[in-house]
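In this text, all values refer to a predicted model and were calculated from it rather than measured experimentally.
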Amino acid sequence: MNEKVSKLINEQINKEFYSAYLYLEFANYYASVGLDGFENWYRIQAMEERDHAMLFFQYLHNNGEKVTLEAIDKPDCDLTNNMAPLKAGLKHEQYVTSLINNIYAAAFEDKDFRTMQLLDWFVKEQGEEEKNASDLITKMELFGSDSKGLYMLNSELSARVHSAPSLTL
């Protein structure tokens with residue numbers, strides 16, 4: 001595997017674990033304001049991000065590459081209202097998309113088709129992640145200022161369950 005591609009994937013492992021940490025911070029905020037459905041949604045989101053990190057981790061190991069784990073930064077976000085985590089989540093997903101695209105570009109440049117095939121799944125996943133984040137913002141804009149609407153949205157989010165990704169490495 002190209003050294004640059006391996007390095008970028010190693011960095012992505014850390015970024016995915018940071019994403020999990022960030023979403024746990026969002027869950028923590030929502031727990032503190034009594035929105036257990038939103039808390040659940042972000043706890044599940046944190047689990048998904050951890051799964052993504054582990055997919056990259058396993059991929060490097062499967063390809064004989066060394067994994068170097070780094071410290072995970074403390075989330076730096078200002079969670080002052082119910083909309084703040086949602087907007088920060090969308091911004092973060094857009095950032096992660098740019099990271100995935102950078103790895104893909106490096107793999108493409110090196111004609112690393114195996115890595116590109118792995119990344120195809122992540123490209124699709126990031127499209128879903130950005131849409132989910134955007135949809136949550138739209139729903140909060142529509143219903144968040146109405147207590148009954150917020151209650152229904154919170155109830156909807158409490159139904160989310162974790163399912164591990166079905167990606168064969």
If you look at every heavy atom in I72 and F17, which pair is closest and at what distance?
CD1-CB, 3.6 Å
Ignoring hydrogens and angles, state whether a donor on the side chain of E49 or Q45 is under 3.5 Å from an acceptor on the partner side chain.
yes
Looking at every heavy atom in both E93 and Q126, which two are closest together, and how far apart are they?
OE1-NE2, 3.0 Å
In this structure, OH of Y21 is separated from NZ of K74 (nearest 0.5 Å) by 8.0 Å
Go through the steps for F26 and Y23 under the test ring pair (Phe, Tyr, Trp, His ring centres under 6.0 Å), then give the verdict.
CA-CA 5 Å; F26 293 175; Y23 292 142; 5.5 Å; yes
Testing the basics here: between I100 and E16, what is the closest heavy-atom pair and its distance to 0.1 Å?
CD1-OE2, 4.4 Å
Specify whether H52 and W121 have parallel, tilted or perpendicular ring planes, treating 30° as the upper limit for parallel and 60° as the lower limit for perpendicular.
perpendicular
Are any of the side-chain heavy atoms of F56 and L119 separated by less than 4.5 Å?
yes
Which heavy atom of L90 sits nearest to which heavy atom of S134, and what is that distance?
CD1-N, 4.2 Å
Using modelled atom types and a 3.5 Å cut-off, is there a donor and acceptor pairing between side-chain atoms of N81 and backbone atoms of A84?
yes
So if you build clusters from Ile, Leu, Val, Met, Phe, Trp, Tyr with side-chain heavy-atom gaps below 4.5 Å, do F113 and V5 land together?
yes
Do the side chains of L157 and L136 get nearer than 4.5 Å, heavy atoms only?
yes
Quick check: is L69 connected to L22 through a chain of hydrophobic side chains (ILVMFWY, heavy atoms under 4.5 Å apart)?
yes
Check whether N14 reaches the backbone of E70 with its side chain - one donor and one acceptor, N or O, closer than 3.5 Å.
yes
Crowding at CD, E109 (>12 non-hydrogen neighbours, <6.0 Å)
no
Under 4.5 Å between any side-chain heavy atoms of Y151 and D146, yes or no?
no
Gap between atom CG of L35 and atom OG of S155 - 0.5 Å precision:
10.0 Å
K124: partners by side-chain hydrogen bond (donor to acceptor under 3.5 Å, both in side chains), with sequence neighbours left out:
E128
Heavy-atom side-chain contact between D51 and L55 under 4.5 Å
no
Could you tell me if N82 and Y30 have a donor-acceptor pair between their side chains, going purely by distance under 3.5 Å?
no
Test salt bridge (charged side-chain N to carboxylate O under 4.0 Å, His left out) applied to K7 and E11, step by step:
CA-CA 6 Å; K7 181 178 184 287; E11 290 171 359; 2.6 Å; yes
Locate the shortest heavy-atom distance separating L60 from K66; write the atom from each residue and the value.
CD1-O, 4.4 Å
How about R114: does its CZ atom have over 12 heavy atoms from other parts shown lying under 6.0 Å from it?
no
Using the side-chain contact (heavy atoms from CB on, under 4.5 Å) rule, take T97 and N101 through it: C-alpha gap first, then chi angles, then the decisive distance, then the call.
CA-CA 6 Å; T97 296; N101 289 343; 3.8 Å; yes
Calculate, to the nearest 0.5 Å, the distance between atoms OG1 and CG belonging to T115 and N63 respectively.
6.5 Å
Taking 4.0 angstrom as the limit, do D135 and K139 come out as a salt bridge?
no
In the structure I gave you, are the side-chain heavy atoms of F143 and M152 within less than 4.5 Å of one another anywhere?
no
Mind listing the closest non-hydrogen atom pair of N40 and S158 along with its distance?
ND2-O, 3.3 Å
Is any side-chain heavy atom of D110 less than 4.5 Å from a side-chain heavy atom of K4?
no
With a 4.5 Å heavy-atom cut-off, do V96 and E129 have their side chains touching?
no
When you compare the side chain of M140 with that of L150, does any pair of heavy atoms fall below 4.5 Å?
yes
Apply ring pair (Phe, Tyr, Trp, His ring centres under 6.0 Å) to the pair Y42 and Y29, showing each step before the final yes or no.
CA-CA 10 Å; Y42 277 109; Y29 166 79; 9.8 Å; no
If I take atom NZ from residue K87 and atom CG from residue L79, how far apart are they, to the nearest 0.5 angstrom?
13.5 Å
I'd like to know if M83 and L142 are part of one continuous hydrophobic network [Ile/Leu/Val/Met/Phe/Trp/Tyr, side-chain heavy atoms within less than 4.5 Å].
no
Qualifying residues under side-chain hydrogen bond (donor to acceptor under 3.5 Å, both in side chains), relative to N10, sequence neighbours excluded
none
Rounded to the nearest 0.5 Å, what separates atom NE2 in H61 from atom CE in M54?
8.0 Å
Rounded to the nearest 0.5 Å, what separates atom CD in Q12 from atom OG in S19?
7.5 Å
Answer yes or no: is there a donor N or O on one side and an acceptor on the other, between the side chain of R160 and the main chain of W41, under 3.5 Å?
yes
